[in-house]
*Asks:* 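Sharing a structure, written as structure tokens. Questions coming.
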Amino acid sequence: MLQGIDIHKKYGSLQVLKGIDLFISSGEVVSIVGASGAGKSTLLHILGTLDTADSGQVLFDGKNIAKMNATDLARFRNRHIGFIFQFHNLLPEFTALENASLPGFLAGRPEKEVMEQAKELLHMLNLSHRLNHKPSELSGGEQQRTAVARALINSPRIIFADEPSGNLDSKNAQELHEIFFKLRDEFNQTFVIVTHNEQLAAMADRTLVMKDGLIVQTTSVEE
Ligand SMILES: Nc1ncnc2c1ncn2[C@@H]1O[C@H](COP(=O)(O)OP(=O)(O)OP(=O)(O)O)[C@@H](O)[C@H]1O
């Protein structure tokens, strides 16, 4: 589904990615681990089309995203990619239901359909009693689960998560991790997750270990 070919990226004189090759299949949960500064977030942003590589290619179903113009790329991202970050980035003035619905509205989908789907997702994430709460009225775990609903609203092909449980206590972190695997088991949802959380990394189907801008090791559950 997603392929990275010889991806290079430099910030000033710092070569952050030095030739990354990877392939992610549909329904896989892949974790990316490695020391701080190894280039994990940079790689995630490039794979997620939020940033561009200096050289190399990112292919979705064989299609080179660098060939898309800005409008098509924004549309592609909104429709097919979900993001979850360490700090949920929910809009403070909007309720959980509105925050979860927003990418659906941006996609131009009918309001009623989007709101119904957002309610279903929030229900699945145990947030039915929090639909009309604003982020400041939600716990950290509830905020992050709202961000998961927002990531799922357009039924994305793939979700990129950058330290999704980095800001949660261990109980809420574990709950969030279980949600990821439930989504994979029930809906074949694909995830690429950058994490320092050893428990989450160990649960993944495959773990890519990064060091100094390269993938130096890949471990699979079969091993
Ligand atoms: N926009 C930027 N401009 C300049 N340098 C950057 C930028 N983004 C990242 N870097 C540098 O690139 C290197 C890799 O950063 P990156 O965030 O990808 O690492 P990481 O492996 O995700 O680290 P961490 O685990 O600490 O989040 C770091 O040295 C960082 O300072």
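Remember, it's 1-based here, ligands and their atoms both numbered in the order they're listed.
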*Asks:* Could you tell me the residue and atom name of the protein heavy atom closest to atom 23 (O) of ligand 1, and the distance to it rounded to 0.1 Å?
*Replies:*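 Protein heavy atom at minimum distance: Gly37 N, 2.9 Å.
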*Asks:* More than 12 foreign heavy atoms under 6.0 Å from NE2 of His196: is that the case here?
*Replies:* yes
*Asks:* Report, in ascending order of atom number, the atoms of ligand 1 lying under 4.0 Å from any heavy atom of Ala35.
*Replies:*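 Taking each heavy atom of Ala35 in turn, ligand 1 has 21 (O) under 4.0 Å.
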*Asks:* Please check if any side-chain donor atom of Thr95 sits under 3.5 Å from a side-chain acceptor atom of His133, or the reverse.
*Replies:*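 Side chains of Thr95 and His133: no pair found under 3.5 Å.
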*Asks:* Filter on side chain to side chain donor-acceptor pair (under 3.5 Å), then keep only pairs touching residues 67-76, sequence neighbours left out; what's left?
*Replies:* none
*Asks:* How about atom 29 (O) of ligand 1: does it have a protein heavy atom within less than 4.0 Å?
*Replies:* yes
*Asks:* Does the protein place a non-hydrogen atom closer than 4.0 angstrom to atom 7 (C) of ligand 1?
*Replies:* yes
*Asks:* Quickly, which of Arg77, Arg79, Arg109, Gln117 forms a side chain to side chain donor-acceptor pair (under 3.5 Å) with Asn154? Name it, please.
*Replies:*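 In the set Arg77, Arg79, Arg109, Gln117, the residue that makes a side chain to side chain donor-acceptor pair (under 3.5 Å) with Asn154 is Arg109.
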*Asks:* Considering non-hydrogen atoms only, spot the tightest contact between Arg150 and Asn89 and give its length.
*Replies:* NH1-O, 2.9 Å
*Asks:* Just grab all the ring-ring contact (aromatic ring centres under 6.0 Å, His included) pairs involving residues 29-78, residues at least two apart or on different chains.
*Replies:*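 Sorted result for residues 29-78: Phe60-Phe76, Phe76-His80.
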*Asks:* Looking only at heavy atoms of His196, does any of them come nearer than 4.0 Å to an atom of ligand 1?
*Replies:*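 A heavy atom of His196 does come that close to ligand 1.
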*Asks:* For ligand 1, which is the ligand I care about here, please tell me if Ser36 has any N or O atom under 3.5 Å from one of the ligand's N or O atoms.
*Replies:* yes
*Asks:* Could you tell me which atoms of ligand 1, counted from 1 in the order shown, lie closer than 4.0 angstrom to a heavy atom of Val16?
*Replies:*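 Per the distance check, 12 (O), 13 (C), 14 (C).
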*Asks:* Under a heavy-atom criterion of less than 4.0 Å, does Gly213 contact ligand 1?
*Replies:* no
*Asks:* So is there a nitrogen or oxygen of Leu43 less than 3.5 Å from a nitrogen or oxygen in ligand 1?
*Replies:* no
*Asks:* Starting from atom 17 (O) of ligand 1, which protein heavy atom do you reach first, and at what distance in Å?
*Replies:* Ser41 CB, 3.6 Å
*Asks:* Quick check for you: to the nearest 0.5 Å, what is the distance between Leu200 atom CG and Glu163 atom CD?
*Replies:* 9.0 Å
*Asks:* Which distance, rounded to the nearest 0.5 Å, do you find between the CD1 of Ile32 and the CG of Leu43?
*Replies:*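 CG of Leu43 is found 4.5 Å from CD1 of Ile32.
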*Asks:* Going by the order shown, which atoms of ligand 1 are within less than 4.0 Å of some heavy atom of Thr42?
*Replies:*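 Within the 4.0 Å cut-off of Thr42, ligand 1 contributes 15 (O), 16 (P), 18 (O).
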*Asks:* Which bit of Leu14 is near ligand 1, meaning a heavy atom under 4.0 Å away: side chain, backbone, both or neither?
*Replies:*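 The part of Leu14 near ligand 1 is the side chain, not the backbone.
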*Asks:* Tell me: protein heavy atom nearest atom 21 (O) of ligand 1, and distance?
*Replies:*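 The closest one turns out to be Lys40 NZ, 2.8 Å.
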*Asks:* At a 4.0 Å cut-off, with the gap strictly under it, does some heavy atom of Gly39 reach an atom of ligand 1?
*Replies:*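 Distance cut 4.0 Å: Gly39 passes for ligand 1.
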*Asks:* Taking all heavy atoms of Asn172 and all of Gly141, pick out the closest pair and write down the distance.
*Replies:*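 Closest approach of Asn172 to Gly141, heavy atoms only: OD1-CA, 3.6 Å.
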*Asks:* Can you confirm, on distance only, whether ligand 1 has an N/O atom lying under 3.5 Å from any N/O atom belonging to Gly34?
*Replies:* no
*Asks:* Between Gln144, His177, Glu175, Gln174, which is the residue that forms a side chain to side chain donor-acceptor pair (under 3.5 Å) with Ser165?
*Replies:*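 The side chain to side chain donor-acceptor pair (under 3.5 Å) with Ser165 is passed solely by His177 among Gln144, His177, Glu175, Gln174.
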*Asks:* Give me the nearest non-hydrogen protein atom to atom 3 (N) of ligand 1 as residue plus atom name, then the distance to 0.1 Å.
*Replies:*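 Going by distance alone, atom 3 (N) of ligand 1 is nearest to Tyr11 CD2, 3.5 Å.
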